[in-house]
Amino acid sequence: MSAFAQRLLAWFDQHGRHDLPWQHPREAYRVWLAEIMLQQTQVATVIPYFTRFIARFPDIHALAAAPLDDVLALWSGLGYYARARNLHRCARQIVAQYGGTFPRTLEALMELPGIGRSTAGAILAQAFGQRTPILDGNVRRVLARYGAVPGWPGTPAVQKRLWQLAEALLPDERMADYTQAIMDLGATVCTARKPACVRCPVAPGCAALAQNAVAEYPHPRSKKKRPQRHARLLLIRNPQGQLLLERRAPLGIWGGLWCPPLLGELHLASGTWAQILLDTASRVRQLPPLRHAFTHFDLELRPLQIELDAMPELICEPGQQLWVSLSTLSHLGLPAPVRRLIEQSFSLGST
DNA sequence: AAGACGGGGTG
DNA sequence: CACCCAGTCTT
């Protein structure tokens with residue numbers, strides 16, 4: 001067994017995290033759900049979502065039987081909604097194809113929607129104790145430093161080196177603990193900024209530390225500036241004070257979520273109809289704009305509040321548009337910034 | 001090989 | 001504000 005793995009396991013027993021909700025019990029369904037939630041999302045954010053999910057969907061059969069809308073509603077606020085759609089598809093596929101039991105090979109797991117190599121490795125190691133590496137953001141950073149691996153980890157060549165290193169350092173036993181340990185090390189000691197090398201159990205073998213160049217690894221991605229985009233957000237209310245929502249297309253930004261009609265960028269199918277409605281409306285009020293940052297562009301939402309004197313005819317297919325009272329908003333899957341803007345706009349009796 | 005895909009945390 | 005985070009999928 002590598003000295004790296006030995007030192008890491010000994011450190012984990014003393015300083016690792018042993019109380020995360022998905023560790024008790026450490027079974028495939030819970031490990032899988034946690035791994036999907038933890039993609040690009042931090043532990044502290046995930047925990048309350050994980051707890052709510054398990055309470056609502058205690059096993060994979062419950063999840064597979066649920067409507068996608070219920071899953072999206074519980075996911076609202078976590079972002080990357082393709083994860084929730086894949087999660088739901090994956091649950092149904094595991095039930096249909098494997099009778100609700102997770103497959104135990106890397107190849108079979110990676111066939112499933114939303115499960116890539118790292119998530120498949122995490123499930124095999126944590127739930128089944130198999131000797132399979134993972135490579136998430138924390139592990140990438142730990143290994144890039146430990147092996148002084150040059151280059152930006154986003155490139156295939158660097159990825160390949162890191163996977164090889166991850167494989168080479170695996171222990172002969174205790175795979176579940178080891179997998180948790182290397183993530184804990186990245187999260188609490190080998191952090192992105194101000195790493196605590198004095199507390200690091202594997203400092204004796206760390207190549208970057210030996211070069212006194214820990215901060216040089218991993219090499220950051222080349223930076224590029226984000227384009228600015230903007231859109232009208234139409235907060236349309238009928239005479240009963242209900243708000244009009246429309247289901248967004250399944251793919252793309254906020255895919256499958258409910259959202260008031262948008263004009264301009266990110267527009268919905270009803271764009272033309274909404275434009276006409278806007279042109280003929282009499283009571284229109286501008287609300288303060290909201291800025292929202294995505295990974296790849298900045299979005300400014302410019303809300304208009306529109307109070308209708310009569311019910312208009314809706315133009316979309318049934319089930320794609322919805323009048324909702326403000327009090328039932330919380331049960332629907334809306335983008336978090338949009339939800340906040342609506343609550344803010346209507347909270348102080350500003351009708 | 002590069003881009004799409006959210007939202008929250010941190011210094 | 002800039003950067004980071006328990007990645008995967010598509011083109």
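In what follows, every chain begins at residue 1, and chains take the letters A, B, ... in the order their sequences are listed.
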Please determine whether a side-chain nitrogen or oxygen atom of A:S118 lies at a distance below 4.0 Å from atom OP1 or OP2 of C:dA6. no
Check DNA chain C against residues 18-36 of chain A and give the residues with a non-hydrogen atom under 4.0 Å, in numerical order. A:L20, A:W22, A:E35
Between C:dC4 and B:dG6, how far is it from one C1' atom to the other, in whole Å? 14 Å
Which part of the nucleic acid does A:V139 contact within heavy-atom distance under 4.0 Å: base, sugar-phosphate only, or nothing? nothing
Taking protein heavy atoms under 4.0 Å as touching, what does nucleotides 5-11 of chain B look like 5' to 3' if B marks base contact, S marks sugar-phosphate-only contact and - marks none? BBBBBB-
Please state how far atom CG in A:L109 lies from atom C1' in C:dT8, giving the value in whole angstrom units. 15 Å
Atom CZ of A:R117 and atom C1' of C:dA6: how far apart are they, to the nearest Å? 16 Å
note: A:D298, atom CG; C:dA2, atom P; distance rounded to Å ~ 9 Å
Can you pull the ring pair (Phe, Tyr, Trp, His ring centres under 6.0 Å) pairs that have at least one residue in residues 91-110 of chain A, sequence neighbours excluded? A:W32-A:F102
How far does the P atom of C:dT8 sit from the matching atom of B:dG8, given to the nearest Å? 22 Å
More than 12 heavy atoms of other residues, nucleotides or ligands under 6.0 Å from CD of A:E111: yes or no? no
Apply side chain to side chain donor-acceptor pair (under 3.5 Å) to A:T119 and A:Q39, showing your working. CA-CA 9 Å; A:T119 298; A:Q39 290 170 9; 3.0 Å; yes
Provide the distance between the two C1' atoms, one in B:dG11 and one in C:dA6, to the nearest whole Å. 22 Å
Side chains of residues 70-81 of chain A: which donor-acceptor pairs under 3.5 Å do they make with residues two or more places apart or in other chains?
{"residue": "A:D70", "atom": "OD2", "partner": "A:R56", "partner atom": "NH2", "Å": "3.0"}
{"residue": "A:W75", "atom": "NE1", "partner": "A:G79", "partner atom": "O", "Å": "3.0"}
{"residue": "A:S76", "atom": "OG", "partner": "A:L334", "partner atom": "O", "Å": "2.7"}
{"residue": "A:S76", "atom": "OG", "partner": "A:R339", "partner atom": "NH2", "Å": "2.9"}
{"residue": "A:Y81", "atom": "OH", "partner": "A:G77", "partner atom": "N", "Å": "3.1"}

So does A:R302 pair up with A:E300, basic N to acidic O under 4.0 Å? yes
Please confirm whether A:F294 and A:F297 have ring centers closer than 6.0 angstrom. yes
Taking only residues two or more places apart in sequence or in another chain, which ones pass ring-ring contact (aromatic ring centres under 6.0 Å, His included) with A:Y217? none
Listed pairs, N/O of protein and of nucleotides 9-11 of chain C, under 3.5 Å:
{"residue": "C:dC9", "atom": "OP1", "partner": "A:G114", "partner atom": "N", "Å": "2.6"}

Rounded to the Å, how far apart are A:D136 CG and C:dA6 P? 6 Å
N/O donor to acceptor pairs below 3.5 angstrom from side-chain atoms of residues 148-173 of chain A, sequence neighbours left out:
{"residue": "A:T155", "atom": "OG1", "partner": "A:W152", "partner atom": "O", "Å": "3.1"}
{"residue": "A:Q159", "atom": "NE2", "partner": "A:P153", "partner atom": "O", "Å": "3.1"}
{"residue": "A:D172", "atom": "OD2", "partner": "A:M1", "partner atom": "N", "Å": "3.3"}

Please collect all ring pair (Phe, Tyr, Trp, His ring centres under 6.0 Å) contacts where either partner lies in residues 172-206 of chain A, sequence neighbours excluded, each pair once. none
Run the side chain to side chain contact (heavy atoms under 4.5 Å, CB included) test against A:Q93 and tell me which residues pass, sequence neighbours left out. A:Q97, A:L112, A:P113
Does anything in residues 156-185 of chain A reach DNA chain C, meaning a heavy atom under 4.0 Å, and if so which residues? A:Q180, A:M183
Identify every side-chain donor-acceptor pair in residues 190-208 of chain A under 3.5 Å, counting partners at least two apart or on other chains, and give the distances.
{"residue": "A:T191", "atom": "OG1", "partner": "A:R193", "partner atom": "O", "Å": "2.9"}
{"residue": "A:T191", "atom": "OG1", "partner": "A:K194", "partner atom": "O", "Å": "3.3"}

Identified side chain to side chain contact (heavy atoms under 4.5 Å, CB included) partner of A:L332 from the options A:L257, A:D69, A:L322: A:L322
Extract all donor-acceptor atom pairs below 3.5 Å that involve side chains of residues 7-24 of chain A and protein atoms in other chains or at least two apart in sequence.
{"residue": "A:D13", "atom": "OD1", "partner": "A:R174", "partner atom": "NH2", "Å": "2.7"}
{"residue": "A:D13", "atom": "OD2", "partner": "A:R174", "partner atom": "NH1", "Å": "3.3"}
{"residue": "A:R17", "atom": "NE", "partner": "A:D184", "partner atom": "OD1", "Å": "3.1"}
{"residue": "A:R17", "atom": "NH2", "partner": "A:D184", "partner atom": "OD1", "Å": "3.3"}
{"residue": "A:H18", "atom": "ND1", "partner": "A:G16", "partner atom": "O", "Å": "3.1"}
{"residue": "A:H18", "atom": "NE2", "partner": "A:F12", "partner atom": "O", "Å": "3.3"}
{"residue": "A:Q23", "atom": "OE1", "partner": "A:D19", "partner atom": "N", "Å": "3.1"}
{"residue": "A:Q23", "atom": "OE1", "partner": "A:L20", "partner atom": "N", "Å": "2.8"}
{"residue": "A:Q23", "atom": "NE2", "partner": "A:R17", "partner atom": "O", "Å": "3.0"}
{"residue": "A:H24", "atom": "NE2", "partner": "A:H18", "partner atom": "O", "Å": "2.6"}

Identify the residue among A:L87, A:N86, A:I94 that makes a side chain to side chain contact (heavy atoms under 4.5 Å, CB included) with A:C90. A:I94
